[in-house]
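In what follows, chains are A, B, ... by sequence order, proteins preceding strands, each numbered from 1. Side chains are part of it too, since the values below use all heavy atoms of this structure and drop only hydrogens, waters and symmetry mates. This one's a predicted model, so the numbers in the text were calculated from it and none came from an experiment.
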2 protein chains.
Amino acid sequence: MNSIDFNTLLNFFKVLANESRLKLLGILSQQEYSVEELAAQLQLKEPTVSHHLNKLKELELVSMRRQGNTHFYSLNSETLTQLNKSIFTREQMASWTKDISAEAWEEKVLKNYLDGNRLTTIPASRKKRLVVLEWLVSKFEPEVTYTESQVNEIISCHHSDYATLRRELISYQFMERENGLYRRLPASLWKTETEIMKQKKF
Amino acid sequence: MNSIDFNTLLNFFKVLANESRLKLLGILSQQEYSVEELAAQLQLKEPTVSHHLNKLKELELVSMRRQGNTHFYSLNSETLTQLNKSIFTREQMASWTKDISAEAWEEKVLKNYLDGNRLTTIPASRKKRLVVLEWLVSKFEPEVTYTESQVNEIISCHHSDYATLRRELISYQFMERENGLYRRLPASLWKTETEIMKQKKF
DNA sequence: ATTCTAATTAGATATTTTTCTAATTAGAAC
DNA sequence: GTTCTAATTAGAAAAATATCTAATTAGAAT
């Protein structure tokens, strides 16, 4: 994780910006504990602690070891030291603003081409088409496989020319097709406009 | 700010854990801007931006320069680099847990000596008295000067022996007296129990 | 002095987040 | 298999936070 993007960082802060969770990290920095023990120390109910631990786990700040049906949690100090390094360099922060203006622009494009839930026309410009496709792929669940007719059906909710859009989703690598089954690719693999534009000929 | 305590750090995270404020830092990392300009960039109303800037200013993450009645805000990059250094060392985190157990103990003491809003007895032990005094000083506004009779009146709400308590607030340096006027000292100057205990004779 | 401008403060509303109870799951012990 | 235990998930209530409009302040320009 060399360059950490705006939303990831924001997420980190959101997770750390909570009394209970920060205390959990402090407690776990000493040794591992079970959920029950942690709940006692923090004077919270177990579901609450479980919920907090889950958020910490999502960011790999803690890890879990099960023994019987007791779950022992411990600190993942590597993630913290990683995080500690060079978050607030000028470069990093400048890169956030790129995200920001980019985001604003994308919203403007969407507003232009959408009428509520429906795509009025498919943008001619590659750059704008990309924005629309990114919006379209969000209508599919991640980690789910769809048949071609299911894909067509979903796209039809938003535009009549489902064939073109389906093909574009694949060629811009928002989705993949394997044995006639379609699946949304994880957002981390989506190409950004700039990456696509760099490839000149597509 | 060598050793940063639990609540200070928590506060930092709370301030940074907000989309608008993090964006503000990003934008300001490039150059200074007026409130109006910032509001336009973030698509928020000016009062909202003003509110966020205020939070950032409290932590000295940004500073302000006025020109006419335009306020220009800029990033205080020093604070960030400071903050960036060694937050998540084992030692740091271990010290939080001390804070945590200390806090828990203080709450127990208070619960023991308070009956709702009223102090049942003044604790004999210096350590516990300190806890009670810290609670008592929180009944005074920061940055406000009080006459002696105002001080007496406020203390009387919580215990009949206002004279002793008033004297103790001064001698433990929770408040200062100047020309017969009283003023609460900033929390950052309050002595912790351990500091007081180190002084042996008081 | 009056008016105008940019910012802030106050207070209301809307949204998000935390925490809880109740229900469910997964494994262990009987 | 049934029962018990520890944890998680679901869903509701409570608390904290963000955002807005309206009112106020402070300085500049007329």
Between [N] atom [atom2] and [X] atom [atom1], what is the distance in whole Å?
X: B/Leu44; N: D/dT17; atom1: CG; atom2: P; result: 18 Å
X: A/His51; N: D/dA10; atom1: NE2; atom2: P; result: 12 Å
X: B/Glu19; N: C/dT16; atom1: CD; atom2: P; result: 11 Å
X: A/Arg65; N: C/dG27; atom1: CZ; atom2: P; result: 16 Å
X: A/Lys45; N: D/dG11; atom1: NZ; atom2: C1'; result: 18 Å
X: B/His52; N: C/dT9; atom1: NE2; atom2: P; result: 15 Å
X: B/Leu16; N: D/dA18; atom1: CG; atom2: P; result: 12 Å
X: A/Asn11; N: C/dT17; atom1: CG; atom2: P; result: 10 Å

If you count every heavy atom of other residues, nucleotides or ligands that lies below 6.0 Å from B/Arg129 atom CZ, does the total exceed 12?
yes
Minimal heavy-atom distance between A/Ser160 and A/Arg118, with the atoms involved, is N-NH2, 3.7 Å
Closest approach of B/Asn76 and B/Ser63, non-hydrogen atoms and distance?
ND2-OG, 3.6 Å
Report all interatomic pairs (protein N or O, nucleotide N or O of nucleotides 12-15 of chain D) with separations under 3.5 Å.
none

In terms of the nearest nucleotide of DNA chain C, which residue is placed more toward the 5' end: A/Gln67 or A/Ala17?
A/Ala17
Looking at [X], does any N or O in its side chain come under 4.0 Å of the phosphate oxygens OP1/OP2 on [N]?
X: A/Lys55; N: C/dT18; value: yes
X: B/Arg21; N: D/dA18; value: yes
X: B/Thr48; N: D/dA18; value: no

To the nearest 0.5 Å, what is the distance between CD (A/Glu32) and CG (A/Leu38)?
10.5 Å
Tell me whether A/Glu178 is salt-bridged to A/Arg183, with the criterion being a basic N under 4.0 Å from an acidic carboxylate O.
no
May I ask you to say whether A/Glu176 pairs ionically with A/Arg184, meaning some side-chain N is under 4.0 Å from a carboxylate O?
no
Closer than 3.5 angstrom, by distance alone: can the side chain of B/Ser156 be matched with the main-chain N or O of B/Asn152 as a donor-acceptor pair?
yes
Do B/Phe140 and B/Tyr146 have their ring centres less than 6.0 Å from each other?
yes
Does B/Asn18 reach a base, just sugar-phosphate, or nothing at all? Heavy atoms under 4.0 Å.
sugar-phosphate
What are the atom names and distances for every N/O pair under 3.5 Å that joins the protein to nucleotides 5-8 of chain D?
residue	atom	partner	partner atom	Å
D/dT5	O2	A/Asn69	ND2	2.8
D/dA7	OP1	A/Val35	N	3.2
D/dA7	OP1	A/His71	N	3.4
D/dA7	OP2	A/Glu36	N	3.0
D/dA7	O3'	A/His71	ND1	2.7
D/dT8	OP1	A/His71	ND1	3.0
D/dT8	OP1	A/Tyr73	OH	2.6
D/dT8	OP2	A/Ser50	OG	2.5
D/dT8	O5'	A/Ser50	OG	3.1

Does the pair A/Leu16 and B/Leu10 meet the rule for a side-chain contact (heavy atoms from CB on, under 4.5 Å), with working shown?
CA-CA 8 Å; A/Leu16 294 173; B/Leu10 177 58; over 6 Å; no
